[in-house]
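Numbers here simply count residues along the sequence, with the first being 1. All values derive from a computational prediction rather than experimental measurement.
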Amino acid sequence: MASQEDLRRLLRQRGWDVTQSTLSRDVHELRLARVPTGDGVQYARADSPASGEEGRPSLESLLPQLVTSVDGVSELLVVRTSPGSAQTVAKALDTSRLADVIGTIAGDDTILIVCRSVAARERLERRLGRAPRVGVTIA
């Protein structure tokens with residue numbers, strides 16, 4: 001499913017008539033994210049066997065769809081995401097076990113990443129900032 005409307009149509013075909021607002025809320029509560037796969041863009045849970053190690057979407061598959069900006073200072077990096085997507089991206093960062101990352105704190109649409117050093121933050125910032133975006137520019 002490439003969009004919530006596609007998902008809504010599929011649910012309707014299976015006997016579940018839901019409004020767009022209900023579907024949007026449910027997608028958020030279930031922590032679903034649009035993830036590129038070999039079959040196109042699909043919705044996947046952060047804990048489903050989509051494409052990454054340990055059954056989670058890989059960081060590289062999430063970045064183009066969910067990250068909207070990256071900015072940092074000192075050893076801290078702030079990553080902005082689509083609404084409701086920060087925890088999914090933070091989990092992908094955590095499971096990637098990046099040597100430069102000490103830890104992450106995620107809210108709804110913002111992630112604070114604590115890096116090991118300024119150089120580590122700069123490397124991660126370049127990595128996250130280089131990811132191709134679909135209709136999104138890095139500020």
Side-chain angles (χ1 to χ4, degrees):
M1 254 131 300
S3 70
Q4 283 189 13
E5 186 56 35
D6 292 340
L7 182 56
R8 191 167 165 244
R9 274 190 226 113
L10 180 63
L11 288 169
R12 194 172 326 131
Q13 289 172 0
R14 295 186 179 185
W16 296 86
D17 191 18
V18 298
T19 64
Q20 178 62 39
S21 61
T22 298
L23 181 59
S24 181
R25 184 180 62 245
D26 290 346
V27 164
H28 174 76
E29 287 176 5
L30 291 170
R31 299 189 193 281
L32 298 179
R34 287 175 36 126
V35 179
T37 68
D39 298 326
V41 177
Q42 296 182 358
Y43 281 94
R45 283 185 47 109
D47 57 359
S48 72
S51 59
E53 291 182 34
E54 301 179 24
R56 291 181 176 81
S58 70
L59 183 60
E60 288 72 23
S61 69
L62 293 173
L63 292 177
Q65 295 292 322
L66 303 179
V67 174
T68 60
S69 71
V70 179
D71 195 9
V73 61
S74 189
E75 293 86 10
L76 305 176
L77 192 62
V78 174
V79 176
R80 303 274 184 188
T81 69
S82 304
S85 301
Q87 292 184 15
T88 300
V89 174
K91 186 65 172 175
L93 281 162
D94 291 342
T95 58
S96 294
R97 295 189 178 111
L98 302 172
D100 288 338
V101 175
I102 293 174
T104 62
I105 300 173
D108 180 65
D109 63 357
T110 306
I111 305 165
L112 174 64
I113 304 171
V114 179
C115 297
R116 296 195 178 279
S117 65
V118 172
R121 192 256 315 150
E122 291 170 348
R123 283 190 297 272
L124 183 60
E125 188 172 8
R126 281 191 302 274
R127 178 177 180 182
L128 297 177
R130 271 199 313 256
R133 303 289 189 272
V134 179
V136 176
T137 57
I138 296 294

Does some side-chain heavy atom of [Y] sit less than 4.5 Å from a side-chain heavy atom of [X]?
X	Y	value
V114	L76	yes
I102	E75	no
D6	R9	yes

CG of D100 to CG of L93: how many Å apart, nearest 0.5 Å? 11.5 Å

Can you tell me if T88 and S85 form a side-chain donor-acceptor pair at under 3.5 Å? no

When you measure from the side chain of S24 to the backbone N and O of Q20, does any donor-acceptor pair fall under 3.5 Å? no

Main chain of S82, side chain of D109: is a donor-acceptor contact present, judged purely on distance under 3.5 Å? no

In chain order, what residues pass the salt bridge (charged side-chain N to carboxylate O under 4.0 Å, His left out) check against R80, with sequence neighbours excluded? none

Report yes or no: do L98 and V89 belong to one cluster of Ile/Leu/Val/Met/Phe/Trp/Tyr joined by side chain heavy-atom distances under 4.5 Å? yes

Minimum heavy-atom distance between A120 and S117, given as atom pair plus value: N-OG, 3.0 Å

Write down the atom of V70, the atom of E125, and the distance for their closest heavy-atom approach. CG1-CG, 3.8 Å

May I ask you to say whether K91 pairs ionically with D94, meaning some side-chain N is under 4.0 Å from a carboxylate O? no

Checking side-chain contact (heavy atoms from CB on, under 4.5 Å) between I111 and each of V67, L128, L77, T81, which is the one that passes? T81

